[in-house]
Amino acid sequence: MLDDLHALAPLDALRAILGPAGLLTDPADLAPALSDWRGLYRGEAMALLRPADTAQVSACVALCAKHGIAIIPQGGNTSMVGGATPETRPNQVVLSLARMNRIREMDPLDMTMTAEAGVVLTRAQEAAAEHGCLFPLSLGAEGSAMIGGLLSTNAGGNTTVRYGNARELMLGLEVVLPDGGVVHGLRRLRKDNTGYALRHLFVGAEGTLGIITAAVLRLFPAVQESVTAFCAVPDEDAALALFRRFRAADEGAVRAFEYMSGPGVELVFATIEGAVRPLAEPAPHYVLLDLTASRQGAGLRGLAESVLAEALEAGEVTDAALAESEAQRAALWRLREEHPEAQKRAGGNVKNDVSVPVSRVPEMIRRCSAALRELIPGSRPMPFGHMGDGNIHMNLVQPEGMDPAEFLARAHDIMDCVNAIVRELGGSFSAEHGVGRLKTDMMEEWRGGAELAAMRAIKAALDPQGIMNPGKVLPPG
Ligand code: FAD
Ligand code: 2HG
Ligand code: ZN
């Protein structure tokens, strides 16, 4: 069968593998797959492949390897770093996992879910809930991002502080290698020390080493009780002090601890319809936090009230609102989750997805904000994000009235300005979004020497032709 296919022209052979529904070449069908959520990149591809199962992925990859055709794996296409967007060059295809969206198995006893790469995160969360369990990964793009993409970027999000990154939620993987071979690693073992932990190599590899087709995911007990609090805080140190206070009171209860700047929240009110002000007075900084427990009667409301009362007394909190209903909880979270959209609507904005040790977050925010204001007078720093993980989106919104193109032309100066401070504080230039296409030029400086050499050796060993997602993660050379 493979020999017959290899006799055909590549696109005809791919069509023979995938059937008419599995191969699209009409420019209108391809267009959404050729650009990214941020609108930074636009690429080219001769076709969009939409395999329905692992055998089809394997056959497509083997055929592409034979013809030297590059493959760009794509899930929900929500990458913040252009990781799923093809470059502008010939002889490449985008391979979407969207049709591979079956949940193959749920096991509430082993607390595992075996899901295909194209399962959308909200569907995985719902499936877990239908079995009385929790799949805890949660982030703003959860209605589009897919299991394969989430694992390939080792996504973080709002619950990392409690449950870890996507990597910590994965027990086993099925992967198609760049020669079409299949790693059948869907083991649901908590312990499995059998040589190199290959499964972890593909997590965070951003599609440069192979295609994840399915994964065994860890489940947790469902949430039975929760409290959400939206707090006004006077400064960054107070926000961190509040985190310490809640952690000390009950570390296991803190599901999310998110920081937002006053100007960032005001931008949400200004640009997002229906955003509701939860506190009487605007504040310079805010914290949104969730406490959850897997048993009823855990007393989380009392805990939140007593910790907040102490924090008010200590001057760490100036006002706070506790959600009284699911609708209020959603409204509070909306103020946080609309930050990316609000910043997009404000014209040019430059993202800096950075991390530092948690203890250095206040200093990082203060120093970066001051340096950015000096670099571009009138620009608006709007840091927000996962304070409990030391991961802040140190974003900069353009000055009002400035031409967005003029502002975006300074993007690399802006990233360099933030990165220099982050480096001094022992941090990382990419905390959760990955390297993709946007940050390859930072790899030499940050990961050069033996670390980058080892990464290149792994890439060369698994993908000697360099057909898997070229131009991503590793710098040229
Ligand atoms: P894609 O964007 O399609 O792909 C991402 C990368 O993975 C690409 O390099 C692609 O080639 C590769 N890839 C995709 N599928 C596979 C596969 N099956 N096998 C191998 N490689 C594959 N990220 C966070 O970490 N935390 C957040 O809080 C967060 N919030 C976000 C909020 C918004 C509004 C948006 C737009 C994005 C956000 N992101 C966040 C970024 C993004 O959602 C994540 O990176 C997500 O994991 C990407 O999933 P995806 O399915 O869209 O992958
Ligand atoms: C989030 O935490 C995402 O909302 C997006 O990681 C961050 O827009 C951003 O910079
Ligand atoms: Zn984030």
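Computed from heavy atoms alone, side chains included, the values below leave out hydrogens, waters and symmetry copies.
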For the residue pair [X] and [Y], confirm or rule out a side-chain donor-acceptor distance under 3.5 Å.
X: Arg410; Y: Ser379; answer: no
X: Gln343; Y: His393; answer: no
X: Asp192; Y: Thr194; answer: yes
X: Thr122; Y: Glu142; answer: no

Spatial distance of atom CD1 (Ile365) from atom OH (Tyr259) [nearest 0.5 Å]: 4.5 Å
Point-to-point distance, once rounded to the nearest 0.5 Å, from CE of Met111 to CG of Leu171: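 The CE atom of Met111 sits 11.5 Å away from the CG atom of Leu171.
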Using modelled atom types only, decide if a donor and an acceptor are shared between the side chain of [X] and the backbone of [Y] within a distance under 3.5 Å.
X: Thr213; Y: Glu174; value: yes
X: Arg50; Y: Arg99; value: no
X: Asn352; Y: Val418; value: no
X: Asp179; Y: Gly181; value: yes
X: Glu432; Y: Gly157; value: yes
X: Lys344; Y: Trp37; value: yes
X: Glu445; Y: Met442; value: no
X: Lys459; Y: Thr208; value: yes

Are [X] and [Y] packed together at the side-chain level, in the sense that at least one heavy-atom pair is separated by less than 4.5 angstrom?
X: Trp446; Y: Val435; result: no
X: Leu438; Y: Arg38; result: yes
X: Pro108; Y: Leu219; result: no
X: Ile147; Y: Met113; result: no
X: Pro73; Y: Asn469; result: yes
X: Met364; Y: Val422; result: yes
X: Arg437; Y: Leu40; result: no
X: Pro51; Y: Leu18; result: yes

Under 4.0 Å between a Lys/Arg side-chain N and an Asp/Glu carboxylate O for [X] and [Y]?
X: Glu266; Y: Arg380; answer: no
X: Arg123; Y: Glu130; answer: yes
X: Glu258; Y: Arg336; answer: yes
X: Arg329; Y: Asp290; answer: yes

Residue among Leu177, Val61, Val57, Thr54 satisfying side-chain contact (heavy atoms from CB on, under 4.5 Å) with Val182: Thr54
Mutual orientation of the aromatic rings belonging to Tyr163 and Phe220 [parallel < 30°, tilted 30-60°, perpendicular > 60°]: perpendicular
Residue pair Val254, Leu289: steps toward the side-chain contact (heavy atoms from CB on, under 4.5 Å) verdict: CA-CA 7 Å; Val254 182; Leu289 67 97; 5.7 Å; no
Pairs under 3.5 angstrom only: tabulate donor-acceptor contacts from the side chains of residues 41-49 to other protein residues two or more places apart or in another chain.
none

